[in-house]
Amino acid sequence: MKPVDFAYARPMDVTAALSLLAEAGPSAKVIAGSQSLGPMLNLRLVQPGLVIDITHIAELRLVEERPDGISIGACITHADIEDGRVPDVAAGALRDVAHGIAYRAVRNRGTIGGSLTHADPSADWITMLAALGASVTLRGAAGLRTIPVEDYMLGALEADLRPGELLVSVTVPRLGRAARWGYYKLCRKTGEFAHAIGACVVDPERGVCRAVIGATEARPIVVADARHLIGDGTQEQFDGPAVDELARASGMEDAIVRQTHVVALRRAVAGAAHR
Amino acid sequence: MTGQGVGASARRREDDRFLRGRGQFVGDIRLAGMQDVAFVRSPLAHATLRGVRIPDAVRSRVFTAADLAGVKPIVAVSGLPGFKKSEQPVLAHDKVRQVGELIAMCIGPTRAEAEDVAATVTAELEELPAVHDMLAARARGSALLHEHWGDNVFLETFVDIGIEAAFDAPIKLTRRISTARQCMAPIEGRGTVAYWDNRMEQLVLYTGSQMPHIVRTGLAECLGLMQTQVRIVSPDVGGGFGYKGILLPEDICLGWLAMRCGHPVRWLEDRREHLTAGANCREHDYDITVYADRDGTLRGIDCEATVDSGAYSSYPFSACLEAAQVASILPGPYDFPSYRCRTWSVATNKCPILPYRGVARTGVCYALELMLDLVAREAGLEPFEVRMKNLVRPEQMPFDNITNKHFDSGDYPQALRRALAAADLEGIRARQRRGEPDGRLIGIGIAIYCEQGAHGTSVYAGWGIPMVPGHEQATARMTPDGGLELRVGVHSHGQSMETTLAQVAHEILGIDIDRIKLVHGDTEYTPYSTGSWGSRGAVMAGGAVATAAREVARLAAEIGAHLLQADPRTVTLRDGAVYGPSGSVTLAEIAHVWYRRPQDLPVSVDPRGLEATIGYKPGRDSGTFSYAAHVATVAVDPQTGDIEILDYVIVEDGGRLINPMVVDGQIYGGFAQGIGTALYEEMNFDASGQPLASTFADYLLPGPTEVPAPHLHHMETPAPYTEFGVKGLGEGGAIAPPAAIGNAVNDALRTLGAEVLQSPMTPRRVLAAIAAAREGTA
Amino acid sequence: MSRVSLRVNGRVRDAEVAPRTHLADLLRETHNLTGTHIGCEHGVCGACTLLLDGMPARACITFAAACEGAEVTTIEGLDDDEIARELRAAFTARHALQCGYCTPGMIVSARDVVLRMAAPDEHAIRVAMSGNLCRCTGYVGIVRAIQAVIADRRARGIAAIPGGGRDRLGPAGAGHAGAASAPPPAASVPAAAPLAALPDAAGVPPGWTPQVTFRQSFVSAHPAEAVWTFLGRIEEVAACLPGATLDRIGPDGRVDGRIRAKIGPVAAEFGGTAHIARDGQTRTGTIAGTGRDVRSNSMTRGRITYAVAPDPSGAGTRVDVDIGYTLTGMLAQFGRPGLVQDLAARLAAAFAQNLEGRLSHAQGVDGAPPPAPARPLDAGALIVAVLVGRLKRALRRLLGRS
């Protein structure tokens, strides 16, 4: 179980990485911590001609805290966030979610940018960051563009990454003082991929009430104004049948799968209520 | 007991090297000029092989069946009447019968480069309909794996012991119960390093094996070598559990390559190969009916059991050991008058099966114990009451049950009573009545089993497998400095034999266990043995070591008597010295004289010196019967289907324990594997015979959060026929958990009217059962 | 080849390795440090866990070249480490190992738990150790040994170091090196054999039942006759199928071609042969064929049946398409069966849209643009996306954690 032969490049800045990408075309694969691509390379599911290692690019390992939020470099690891080396502007949500990703040894190398770009629907970040209203910034030959996290994911394993583009940072808005959040995932065992995820953020100061159903077959189901589903975030106002109908309308046909997703969101909301 | 002997929780002598990363596993062996091997394997489950295309540029590095002239296929024949023989080709030549079957072998300076070569080779395959469902495979008109058989049944067996007498029983319950196909998944996979030793004129094959001598025999037969020309070395083995009790086509390939190429070759099974191509286990289906009286008395059991044996009969255990065992052990530790059982060992387009820890006992226990709970429910009794009504009683021991199993000793009801007390059955019932604040449902479940272990010649001759164990031999030899070497043909794959067998020798000779060296895992240096399987190591090798050590003690005592100028009848050996009426001499001094100062010995001295190789069999070879009662308490989340094990109690009777710490470790480890069977592990195949897991993300092994620490209690009823009264118990922990947890889950779901009769009991299956019950009542 | 210089167990060690070499192989095969064990090579079992810049990391999914300049500590380097020494004693005392294969990774992860976590309860220790699988011990002794060492150290006044003392950001092992690039070594083997026609060109025996089936229907604005005729022109149909290329059209309904697909980072190209049969009376057709992706040694066999009829509403033509396929080989050996329905819908929608566009152009409908050229690979090769749709689930299971 060894990868195919590939060339390796270690650019030291984003510009160099972009020119490598442009030259090599689609046979180039970008790796950050290699915790997703590594297994696929070993299994020869991915057979690139060139691997571009972006973890040595200093600017991708930076964070910038601002009054309204934080910008997190693409190569910041889950452990950086879990350990608090990255300030948590989301009232503990970032640290909590980071702590629950896979295993510590994976978190020490796996990155937030890699996770989002891999676009795995069962991954944690896509769901929680969508609930938080985070966005990603991409850089390509044409310059920068910034889009909401949920739009970055086109479908299972497909990110909206145009040829020659690189995800450079993730921006997470700062939650208000009264904000509450909830996150609940169903796994059969610790560190395993989630079968259902629920996430919600209620931030009265900013007028935010978002709910996300994650670990679906495809993109997470994001409800930007979820007051009709979860009220102000207390469990009593959770409208299970409406969530079930939403999931069904989103293409979740299997009743048992739907049930577990409704439960995950219900429990996320309950968690938020008690936070 | 002296702190190191039988009964002492001596710390393990093998630990230090492992804790420092200095163990030596197959993958750690480095030989000059060694090349790696990668295999071209079939992507299809069933196909005609029309040809193999090999680019010219790599032709010299690729070998196919056409190159293997004279190499014989692997054949493992069961002696049971009606068995149909399969020939497992070393490399496929006309047909492939499972995904992962070997088609070509490729060599390269590294594994990566060998895989590069393999990727250029194309097998021309013409797909045939795959046989993936063992029940459908039995039916007329199914596609055939081995066409000349006329069907897909390796073997059908039938036993009927007066079943008609049970037909008038007031309670008659029938269910279909099944267990999933599993992979054994030791953390170290298989691996083989081979080279030809010119000086010894010998093929040397390092392979992680539970049975090096059996591998030598089989390998020599397939390659047409004399057995003196084959040396098998099994170094440190990273877990086995049955998976390393097989002669692999890969072993034969590597042996052939080593002879052909003139340089060492290496193949290390990777995880994808293990999961998609390596041997499987455990896939059983039971169509079972239980007859009982209203008071819970069992009247009879009637069962049709099918075992999916995969494509070939694997060497040495054959395709039928599992099903044959089902028929003989289904009655469990219960005493009832009527029994009928028909079994089929069915060939399908899947990997062959091997006996996995617990072998058929795990499936049998699951089927029977689930049924007994249903009987209890039907009769309005507590599940334990049904057990108490029917369990063999201590005053019946030794007891020959309905299938002529000779239960050697024990008090089964007592084990159950102790387990129920420890689990606080009444407290759990009260808690169930109160209900849980979080809405989960609590359930408690019982399972009891017996683990026939270390069964010997008569039993295996009856089962007809091509490897019947006879006397187990050991060599004990004192060294000139007063140390001791032990040589045994069994091999440790984690069982701590370097410690426990030293304890046995220490018990007899009093030599410090740090001065006792166990030599095992090498056919060149050890007596023949069928190896480590069937919970036989402690009983058989332990008995052999004790016997050989006693002989050395006797020889040493005679020399000691001479040195003490005493009558040999007046001396005794204790604490590592020989004592006479007027003094003592240490074993080290005796060894020194024998080896270094023979001039001090009389001419009449026994020329065997301080060395003995002796065989051992227990007084009866029908096997030891260890047993246990397991009680699981679980919480089931009816919204998500999640199952949490809240508490787990094991009361085990393994006879006299050589090293209680090691015994506990065996039970804990078996228990963890039992949880895997119960809740997580499942190797699915689709209708075209494709295995649907090739990583540990698809095939789930229980981790630290999935395996709670069970509460473990011991009873120690000595076995009547074995050295020290020990019983085999290495497999037991893995037998009962699916049944105990299954009964607990169904107890929890009782109020919903749902029952789960299929392992693993996944959240999906739990939710489906709840939904089905809801629909049934709606 | 690339030159990789690491500080291994306190000593600088250089090596020339292929860029594809992962850290575990570098240490084991080049530096003969065999204590770092390989158990799964996809980052789940934890046997290869070692310390990278002092942090536990998976050596099997970390490429050696990416760690240039990093500090690597393997189990062999922990002989004199204080925590490891205490753990070794505790592991032995509590029988926390049997076969010893997972043990080096266990010690490394356990050391990290002891170092970082102040006063974890048993469950927290279990969660923290969940990335290390043991098949022998049931974890009982391992957890107890870790508990004992933590309790003992805290009692001795040795505090935990949150975060393991790390003050850098980014992946452990990264950020020590300068720019570099390494071409792969000169190919030692030729590229994979060219796509080969399969021995049995039809490839679909009469009794074959597909593993996955689904139906998609759409309505065309054009009359049934026009749609039926159009579907008889195989070049046109192929042009409507994203990712499809025709290589040869035989006289007897036999067609050789290829279909490309891209599922995330996984690219597959199935080459093979199809047979086409049409019945003008019932206006039904069948396309059945077999294709192989050489790179993944995977095969697919599929059958598409279509029926053309006037739509009951009277407006236009209804086309019912029944698609069935079976996937075998490496790409199939994941997850569970099941179709990704949104991909099927996307396939049908794209096909219908392309067909409608081509029909309109062919029929000379006013303003209908000329047909677009065959879509490039990355624009969404939907057919095979459906074929390997179930792969996605599997990949998500495997990889849901970067």
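Quick note: numbers below take in every heavy atom, side chains included, and nothing from hydrogens, waters or symmetry partners. Below, chains carry the letters A, B, ... as their sequence lines are ordered, and counting in each starts from 1.
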Exercise for the section: Quick one: do Gln495(B) and Gln98(C) satisfy side chain to side chain contact (heavy atoms under 4.5 Å, CB included)? Show the steps, please. Expected result: CA-CA 6 Å; Gln495(B) 293 94 332; Gln98(C) 290 181 23; over 6 Å; no
Problem - Proximal component of Pro129(B), with respect to chain C [non-hydrogen, under 4.5 Å] - result: neither
Practice task
Hey, could you give me the CD1/CG distance between Ile75(C) and Leu19(B), rounded to the nearest 0.5 Å?
Solution key: 7.5 Å
Fill in the blank from the handout: Applying a strict 4.5 Å limit to non-hydrogen atoms, the region of Val662(B) in contact with chain C is both
Practice task
Test Glu29(C) against Arg30(B) for side chain to side chain contact (heavy atoms under 4.5 Å, CB included), laying out the working first.
Solution key: CA-CA 9 Å; Glu29(C) 304 299 326; Arg30(B) 299 286 175 274; 3.6 Å; yes
Exercise for the section: Check whether any side-chain N or O of Arg271(B) sits under 3.5 Å from a backbone N or O of Glu41(C) as a donor-acceptor pair, and report yes or no. Expected result: no
Exercise for the section: Under 4.5 Å, counting heavy-atom pairs only, tell me which of Ala123(B), Ala112(B), Gly733(B), Gly189(B) racks up the most with chain C. Expected result: Ala112(B)
Practice task
Could you walk me through whether Glu76(C) and Arg22(B) pass the side chain to side chain contact (heavy atoms under 4.5 Å, CB included) test, one step at a time?
Solution key: CA-CA 8 Å; Glu76(C) 292 96 337; Arg22(B) 267 72 162 198; 4.0 Å; yes
Problem - Leading residue by heavy atom contact count with chain B [cutoff under 4.5 Å; candidates Leu33(C), Thr137(C), Thr103(C)] - result: Thr137(C)
Problem - Under-4.0 Å salt bridge between Asp28(B) and Arg28(C) - result: yes
Handout entry: Between NE2 on residue His123(C) and OG1 on residue Thr705(B), distance to nearest 0.5 Å
Key = 6.5 Å
Exercise for the section: Select one option (side chain, backbone, both, neither) describing which atoms of Tyr101(C) are under 4.5 Å from chain B's heavy atoms. Expected result: both
Practice task
Say whether, by atom type as modelled, one donor and one acceptor occur between the side chain of Arg272(B) and the main chain of Cys40(C) under 3.5 angstrom.
Solution key: no
Practice task
Under 4.5 Å heavy-atom distance to chain C, tell me which part of Leu44(B) shows up: side chain, backbone, both or neither.
Solution key: side chain
Handout entry: Residue part contacting chain C, namely of Pro708(B), when any heavy atom lies under 4.5 Å
Key = backbone
Problem - Minimum-distance pair of heavy atoms, taken over all atoms of Gly21(B) and Pro104(C) - result: CA-CG, 4.2 Å
Practice task
Would you mind checking which part of Val237(B) comes under 4.5 Å of any heavy atom in chain C, side chain (CB onward), backbone (N, CA, C, O), both or neither?
Solution key: backbone
Problem - Contacts with chain C made by residues 664-674 of chain B (heavy-atom distance under 4.5 Å), listed by residue number - result: Gly665(B), Gln666(B), Tyr668(B), Gly669(B), Ala672(B), Gln673(B)
Handout entry: Arg126(C) side-chain N/O to Val707(B) backbone N/O, donor-acceptor pair under 3.5 Å
Key = yes
Completion exercise
In terms of heavy-atom contacts, Pro43(B) and Thr328(C) come closest through O-CB, 4.0 Å
Handout entry: Most contacts with chain C, counted as non-hydrogen pairs under 4.5 angstrom, among Arg357(B), Glu681(B), His274(B)
Key = Glu681(B)
Handout entry: Heavy-atom pairs under 4.5 Å with chain C, option from Arg11(B), Glu14(B), Arg17(B) with the top count
Key = Arg11(B)
Completion exercise
Okay, Arg111(B) and chain C: the region with an atom under 4.5 Å from a heavy atom over there is neither
Completion exercise
Nearest heavy-atom contact between Pro702(B) and Arg135(C) is CD-NH1, 4.2 Å
Problem - Ala93(C), part contacting chain B, at a heavy-atom distance under 4.5 Å - result: both
Practice task
Using non-hydrogen atoms and a 4.5 Å limit, figure out which bit of Phe241(B) sits close to chain C: side chain, backbone, both or neither.
Solution key: side chain
Problem - Leading residue by heavy atom contact count with chain C [cutoff under 4.5 Å; candidates Ser496(B), Gly23(B), Ala185(B)] - result: Ala185(B)
Problem - Gap between atom CD1 of Ile187(B) and atom CG of Leu133(C) - 0.5 Å precision - result: 5.0 Å
Fill in the blank from the handout: In short, Pro710(B) meets Val140(C) closest at the heavy-atom pair CD-CG2, 4.2 Å
Exercise for the section: Tell me, out of Asp79(C), Thr74(C), Ile107(C), who's got the most heavy-atom pairs with chain B below 4.5 Å. Expected result: Asp79(C)
Exercise for the section: Give a yes or no on whether the backbone of Thr695(B) and the side-chain of His42(C) come within a donor-acceptor separation of less than 3.5 Å. Expected result: no
Handout entry: Which of Gly141(C), Cys99(C), Cys45(C), Gly138(C) touches chain B most, by non-hydrogen pairs under 4.5 Å
Key = Cys99(C)
Practice task
Using the side chain to side chain contact (heavy atoms under 4.5 Å, CB included) rule, take Glu188(B) and His37(C) through it: C-alpha gap first, then chi angles, then the decisive distance, then the call.
Solution key: CA-CA 8 Å; Glu188(B) 179 208 35; His37(C) 293 160; over 6 Å; no
Handout entry: Contact class of Asn132(C) relative to chain B, heavy atoms under 4.5 angstrom
Key = backbone
Practice task
Please check if atom CG in Asp121(C) has more than 12 non-hydrogen atoms from other residues, nucleotides or ligands closer than 6.0 Å.
Solution key: yes
Fill in the blank from the handout: All heavy atoms of Glu113(B) vs all of Arg20(C), minimum pair found to be CG-NH2, 3.8 Å
Exercise for the section: Please check if the side chain of Arg20(B) supplies one atom and the backbone of Gly35(C) the other of a donor-acceptor pair under 3.5 Å. Expected result: no
